[in-house]
Amino acid sequence: MPEQKETEAKTNFIYTMIKEDLEKGALGESPVHTRFPPEPNGYLHIGHAKAILLNYSLAKTFNGLFNLRFDDTNPVKEEQEFVDSIIEDIRWLGADWGERLFFSSDYFETKFEFALRLIRAGYAYVCDLDPDQVRAYRGTLTEPGKESPFRERPVEENLDLFERMRKGEFPNGSRVLRAKIDMSSGNLNMRDPVLYRILHSSHHRTGDQWCVYPMYDFDHPFSDVLEGITHSLCSIEYSDHRPLYDWIVDRAVELFPEVVKYRSRQTEFARLNLTYTVMSKRKLRRLVEEGHVNGWDDPRMPTIAGLRRRGVTPEAIADFQEKVGVSRADSTADLALLDYCIRQDLETRTPRLMAVLDPVRVVITNWPEGKIEDLEMENIPGDEEAGTRMVPFSGEIYIERDDFMEDPPKKYFRLAPDREVRLKSAYIIKCEEVIKDENGTVSELRCSYDPLTKSGADNSGKKVKGVIHWVSAAHAAPVRVNIYDNLFTAENPEEAEEGDFTSQINPHSLLVLDNVLAEPAAAEAIPGSRFQFLRKGYFYLDPDAAETGKPVFNRTVPLRDSWAKKQKS
RNA sequence: UGGGGUGUGGCCAAGCGGUAAGGCACGGGACUUUGGAUCCCGCAUUCGUAGGUUCGAAUCCUACCGCCCCAGCCA
């Protein structure tokens, strides 16, 4: 026999790169050090979860450090509300930054000093061009730019102007600090990028202390260097910024060595896309603001908050992330894979309950008048420690409307006239009579039960193919159920044939079921707990649902349904 | 038409000169008091295309093609 193939840890090109760095001793004394750098201007989504988990797990597997650092360099867009939600979401995901919570704004003073040093060394200058002029001077993708008339301003004048910018002597947009690099570079980012701009705007942390704020390209690499980030991971669209990132790091090493903890390097990977949804902050914001969903935490949203409220677990998200992998190629992961990961996680950890989503009444004609029998049911099949519970059974029950068919197709194993079916953990019943209302819809089924077929003690010799769930009429707990479907009908809403992505919104993405009858235990369930409603799916007791007078269960994900699949084909 | 990326089955993704991992999806079967779960089996003669190098190429070379990103004082 060949020896068992060793189970390898999930790897990707970044993991491999770090491993090689370590083997070569390229990091010197530094531990592997990563960071997640959100801008607090919106809610985190599952795409961010990929970055968070990637950075965190890399630091963890290499015994390194992981920072949470808010990139808060633009006060006009950023708010404390988002800082709070981001912290909550990352914590919930399980990424632990320990004491290492930082803000870019923590280093504003040091950054200003760095800017001063750039000026003194002749690497930066104050430019008086207005925004339109800067754009015009920049050139185009195919034509080189022109040098600013202020490019050769003397150092002393630059210093004086920059200090006065800080003091607030100039209005927004009147001047900027620019790096002196190369106006003819094929890479637009190198055409004398803006380092600082004037923003007379109150910052959520520093208040009115500053009116000049650093730009991302200046701020980010320098923050990395200050924190000792060894591997600065970001998405592909920053590839073009890498030369500038390196330029800033090099200048820091050259001019400000006493604060440089590590010569940080940037590595890019493809961001995550998902079928049947959109992922950009801008689009998600529109969904919220235009009322297509009920807020950032609407369970239909791909936000962390939305997924959480739908009942998805952080473990399922981590598993999904790992299964999707990391590469540099543009990709769109299949939502079916996420669903799979969710089911897989919930399968073994979720207690079962019976709930009838669309009830039809069943009267058991030969059941002893007034008798109530408590039946024992497993909480989690295959998991004895999860125990059992008692569920009341009686002569009047409800079953699922689609578990009965008057004229069933071939291979339909459920209830039909004169046919038998097993009631889960109870008895086998036979449909004797169908009662309809004036519209012709079935209003009641009259059935007989076979006392010899009691679950666990069946000595009738009967074999039935179908097993259905039920709930005793007198004991049923009324609950509300939210059935969620994809928010978009198109696999890739961004590629809408006509109109924008909102034209692809699924009008049936939310179905509210208000006549659901569940077994009694549902009424006592703790908000925030998860259940599998037998044969129906996984559900989450919404802790934030509006007051409805009854529990509200959100469907996290349906169970696989091979019968429904067969019906379609 | 400038610069930077990227193309492996329906969707992801390994592979790094020795003869296409794995997962999801899909199809078939077994089992089943959830048509769930679980378990089997099947699923790329071929790696964007065309040439070339080599005993041997998804891997090296050349050319071409497709797709993505970049012209914020956003990040």
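Basis for what follows: all heavy atoms, side chains included, without hydrogens, waters or symmetry-related copies. Here is how names work: the chains are called A, B, and so on, in the same order as the sequence lines, proteins then strands, and each is numbered from 1.
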Going by the rule ring-ring contact (aromatic ring centres under 6.0 Å, His included), which residues pair with A:Phe320 if we only count those two or more places apart in sequence or in a different chain? none

Distances under 3.5 Å only, N/O to N/O: pair up the protein atoms with those of nucleotides 42-44 of chain B.
none

Which heavy-atom pair separates A:Ile342 from A:Ala316 by the least distance, and what is that distance? CA-CB, 3.8 Å

Which parts of residues 197-205 of chain A get close to RNA chain B, meaning a heavy atom less than 4.0 angstrom away? A:Arg197

Contact residues, residues 216-227 of chain A to RNA chain B [heavy atom, < 4.0 Å]: A:Tyr216

Lys NZ or Arg CZ of A:Arg69 over A:Phe102 ring: under 6.0 Å, within 45°: no

Could you tell me whether A:Arg178 sits above the aromatic face of A:Tyr125, with NZ or CZ closer than 6.0 angstrom to the six-membered ring centre and within 45 degrees of the axis? no

Pick one: which of A:Ser232, A:Ser264, A:Ser223 meets side chain to side chain donor-acceptor pair (under 3.5 Å) with A:Arg35? A:Ser232

Within the 4.0 Å limit for protein heavy atoms, which parts of nucleotides 3-12 of chain B are touched? Write it as a string from 5' to 3', B for base, S for sugar-phosphate only, - for none. BSSS----SS

Could you work out, with salt bridge (charged side-chain N to carboxylate O under 4.0 Å, His left out) as the rule, every residue matching A:Arg343, not counting sequence neighbours? none

Among the candidates [options], find the nucleotide nearest to the side-chain atoms of [X].
X        : options                : answer
A:Met215 : B:rG35, B:rA75, B:rU33 : B:rA75
A:Thr140 : B:rA71, B:rA75, B:rG36 : B:rA71
A:Asn74  : B:rG2, B:rC74, B:rC73  : B:rC74

At under 4.0 Å, does any side-chain N or O of [X] touch on OP1 or OP2 of [N]?
X        : N      : answer
A:Arg138 : B:rC73 : yes
A:Lys565 : B:rC26 : yes
A:Arg178 : B:rC73 : no

Donor-acceptor contacts under 3.5 Å from residues 242-249 of chain A side chains, at least two apart:
{"from": "A:Arg242", "atom 1": "NH1", "to": "A:Glu268", "atom 2": "OE1", "distance (Å)": "2.7"}
{"from": "A:Arg242", "atom 1": "NH1", "to": "A:Glu268", "atom 2": "OE2", "distance (Å)": "2.7"}
{"from": "A:Tyr245", "atom 1": "OH", "to": "A:Asp224", "atom 2": "OD2", "distance (Å)": "2.7"}

Just jot down the side chain to side chain donor-acceptor pair (under 3.5 Å) partners of [X], sequence neighbours excluded, or say none.
X        : result
A:Glu315 : A:Arg349
A:Thr313 : A:Asp345
A:Arg271 : A:Glu237

Using a cut-off of under 3.5 Å, enumerate the N/O to N/O pairs linking the protein to nucleotides 37-41 of chain B.
{"from": "B:rA37", "atom 1": "O2'", "to": "A:Glu347", "atom 2": "OE2", "distance (Å)": "3.2"}

Ignoring hydrogens and angles, write down the donor-acceptor pairs under 3.5 Å from the side chains of residues 384-391 of chain A, residues two or more places apart or on other chains.
{"from": "A:Thr388", "atom 1": "OG1", "to": "A:Glu376", "atom 2": "OE2", "distance (Å)": "2.7"}
{"from": "A:Arg389", "atom 1": "NE", "to": "A:Glu519", "atom 2": "OE1", "distance (Å)": "2.7"}
{"from": "A:Arg389", "atom 1": "NH1", "to": "A:Arg352", "atom 2": "O", "distance (Å)": "3.2"}
{"from": "A:Arg389", "atom 1": "NH1", "to": "A:Glu378", "atom 2": "O", "distance (Å)": "3.2"}
{"from": "A:Arg389", "atom 1": "NH2", "to": "A:Arg352", "atom 2": "O", "distance (Å)": "3.2"}
{"from": "A:Arg389", "atom 1": "NH2", "to": "A:Glu519", "atom 2": "OE2", "distance (Å)": "2.9"}

Tell me yes or no: between the side chains of A:Glu78 and A:Asn41, is some donor less than 3.5 Å from an acceptor? no

